[in-house]
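Along the sequence shown, residues carry numbers from 1.
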Amino acid sequence: MDSIKTNKLLLGLCLAATLLLAACSVSYKFNGASIDYTKTKTIQIADFPIRSSYVWGPMGPLFNNELKDHFANHTRLSQVKRNGDLKLEGEITQYQQRNKSVSAEGYSAQTELSMTVNVRFTNNTNHSEDFERQFTAQASYETTRSLNSVQEELVTQMCKELCDQIFNATVANW
């Protein structure tokens, strides 16, 4: 008799647990975006001109394409030319290299390349989130290599890092 009561109790507990789990739903977004798509549907991303005194020609298009691709790949926002619910604009303000470390012989052993972007973000659905801020990324290379041999790889890496920072600050709310 006790085994019948135990079986009924276990069955009842399993049924209750199943109903409880079915009633609860958890939603995870792995892209990091926290956008209310009922209010925010479009984004306007202007090309960022280069305002730095030191320039590498392909840097502008690399950055601009990466930024647009990043938002296209990680959100459901439609990119528009004007009147976007969200608006990103700015300029590449600095691109420079400096010695990062010195060898025992007194020569530069590593050089650091850095890129700074000034961003103006406007959220037309919630202006309390508007900001103007600078974002910087760095990458280092051994001085035994020439800048020409590593520049494209390092600038591409820095553009990706900058786009992650901008994405997190604008739509991921980090």
Side-chain angles (χ1 to χ4, degrees), residues 19-98 100 111-141 147-174:
L19 289 173
L20 183 64
L21 288 174
C24 297
S25 69
V26 178
S27 174
Y28 292 105
K29 297 178 190 173
F30 294 106
N31 63 13
S34 58
I35 299 169
D36 181 357
Y37 289 107
T38 61
K39 295 178 185 175
T40 308
K41 295 177 177 23
T42 61
I43 186 167
Q44 174 185 342
I45 303 174
D47 281 342
F48 284 49
I50 301 172
R51 302 272 190 256
S52 173
S53 56
Y54 181 63
V55 175
W56 180 59
M59 177 174 58
L62 270 172
F63 175 77
N64 290 313
N65 291 336
E66 178 65 30
L67 186 61
K68 290 173 185 175
D69 288 349
H70 201 87
F71 278 85
N73 293 334
H74 294 92
T75 70
R76 291 185 287 155
L77 298 172
S78 298
Q79 293 188 23
V80 296
K81 296 284 184 196
R82 59 179 165 221
N83 300 325
D85 296 325
L86 304 178
K87 184 178 179 182
L88 272 173
E89 58 187 346
E91 50 279 330
I92 300 169
T93 57
Q94 195 170 51
Y95 179 64
Q96 66 181 5
Q97 60 179 337
R98 67 178 184 85
K100 185 175 179 182
T111 302
E112 181 178 78
L113 199 59
S114 68
M115 184 174 164
T116 301
V117 178
N118 186 57
V119 175
R120 289 178 296 284
F121 173 68
T122 306
N123 184 339
N124 289 314
T125 62
N126 183 3
H127 285 289
S128 67
E129 294 180 358
D130 295 357
F131 67 79
E132 182 169 359
R133 191 181 312 164
Q134 291 194 341
F135 298 90
T136 301
Q138 299 95 12
S140 300
Y141 66 97
L147 177 58
N148 286 338
S149 70
V150 296
Q151 193 162 222
E152 183 174 359
E153 175 188 343
L154 296 181
V155 170
T156 300
Q157 176 185 331
M158 288 187 297
C159 287
K160 287 180 183 194
E161 183 181 332
L162 286 165
C163 291
D164 280 343
Q165 291 176 32
I166 294 166
F167 183 85
N168 288 338
T170 55
V171 297
N173 295 325
W174 287 17

Checking the side chain of Thr40 only, and the main-chain atoms of Ile35 only, is there a donor and an acceptor separated by less than 3.5 Å?
no

About how many Å separate CG of Leu147 and CG of Leu154, when rounded to the nearest 0.5 Å?
8.0 Å

Quick check for you: to the nearest 0.5 Å, what is the distance between Ser140 atom OG and Gln138 atom CD?
8.0 Å

Those residues that, when tested against Glu66, pass salt bridge (charged side-chain N to carboxylate O under 4.0 Å, His left out) (two or more places apart)
none

NZ of Lys41: more than 12 outside heavy atoms within 6.0 angstrom?
yes

Test side-chain contact (heavy atoms from CB on, under 4.5 Å) on Tyr37 and Leu77 and set out the steps.
CA-CA 8 Å; Tyr37 289 107; Leu77 298 172; 3.9 Å; yes

For the side chain of Thr122 and the backbone of Asp130, is there at least one donor-acceptor N/O pair under 3.5 Å apart?
no

Please check if atom CD in Glu152 has more than 12 non-hydrogen atoms from other residues, nucleotides or ligands closer than 6.0 Å.
no

Electrostatic pair Lys68-Asp47, nearest N-O below 4.0 angstrom
yes

Closest non-hydrogen atom pair between Ile50 and Trp56, with its separation:
CD1-O, 4.4 Å

If you compare all heavy atoms of Pro61 against all heavy atoms of Pro58, which two are closest, and at what distance to 0.1 Å?
CD-O, 3.4 Å

Roughly how far, to the nearest 0.5 Å, is CG of Asn168 from NE2 of His74?
10.0 Å

Can you find a heavy atom in the side chain of Leu86 that is under 4.5 Å from one in the side chain of Phe121?
yes

May I ask you to check whether Asn83 and Gln44 show a side-chain donor-acceptor distance below 3.5 Å?
no

Shortest non-hydrogen pair, Ala169 vs Phe131, comes out as O-CE2, 3.6 Å

Tell me, with the steps shown, if Cys159 and Met115 meet side-chain contact (heavy atoms from CB on, under 4.5 Å).
CA-CA 8 Å; Cys159 287; Met115 184 174 164; 3.8 Å; yes

Where Gly90 and Pro49 come nearest, the two heavy atoms and their spacing:
O-CD, 3.2 Å

Testing the basics here: between Ser52 and Val55, what is the closest heavy-atom pair and its distance to 0.1 Å?
O-CG2, 3.3 Å

Rounded to the nearest 0.5 angstrom, the SG-CG distance for Cys163 and Asp69 is 9.0 Å

Salt bridge check: are Glu91 and Arg51 linked by an N-O gap of less than 4.0 Å?
no

Walk me through whether Asp164 and His70 qualify under side-chain contact (heavy atoms from CB on, under 4.5 Å).
CA-CA 8 Å; Asp164 280 343; His70 201 87; 2.7 Å; yes

I'd like to know whether Val155 forms a side-chain contact (heavy atoms from CB on, under 4.5 Å) with Phe63, so could you lay out the CA-CA distance, the side-chain angles of the two residues, the decisive distance to 0.1 Å, and finally the verdict.
CA-CA 9 Å; Val155 170; Phe63 175 77; over 6 Å; no

Return the CE to CE distance between Met158 and Met59, rounded to the nearest 0.5 Å.
8.0 Å

If you measure only the distance, is there a donor-acceptor pair under 3.5 Å linking the side chains of Ser114 and Thr136?
no

Measuring only between side-chain heavy atoms, which start at C-beta, is Val119 closer than 4.5 Å to Arg133?
no

For the CD1 atom of Ile43 and the CD1 atom of Ile45, what is their distance to the nearest 0.5 Å?
4.0 Å

Does Asn124 use its side chain to pair, donor to acceptor, with the backbone of Gly84 at less than 3.5 Å?
yes

Going by the side chain to side chain donor-acceptor pair (under 3.5 Å) test, name the single residue among Lys100, Glu153, Gln97, Glu112 that passes it with Tyr141.
Gln97

Between Asn64 and Phe48, is there a donor-acceptor pair closer than 3.5 Å when you use the side chain of the first and the backbone of the second?
yes

Does any N or O in the side chain of Thr170 come within less than 3.5 Å of the main-chain N or O of Phe167, such that one atom is a donor and the other an acceptor?
yes

By ring-ring contact (aromatic ring centres under 6.0 Å, His included), which residues pair with Phe135, not counting sequence neighbours?
none

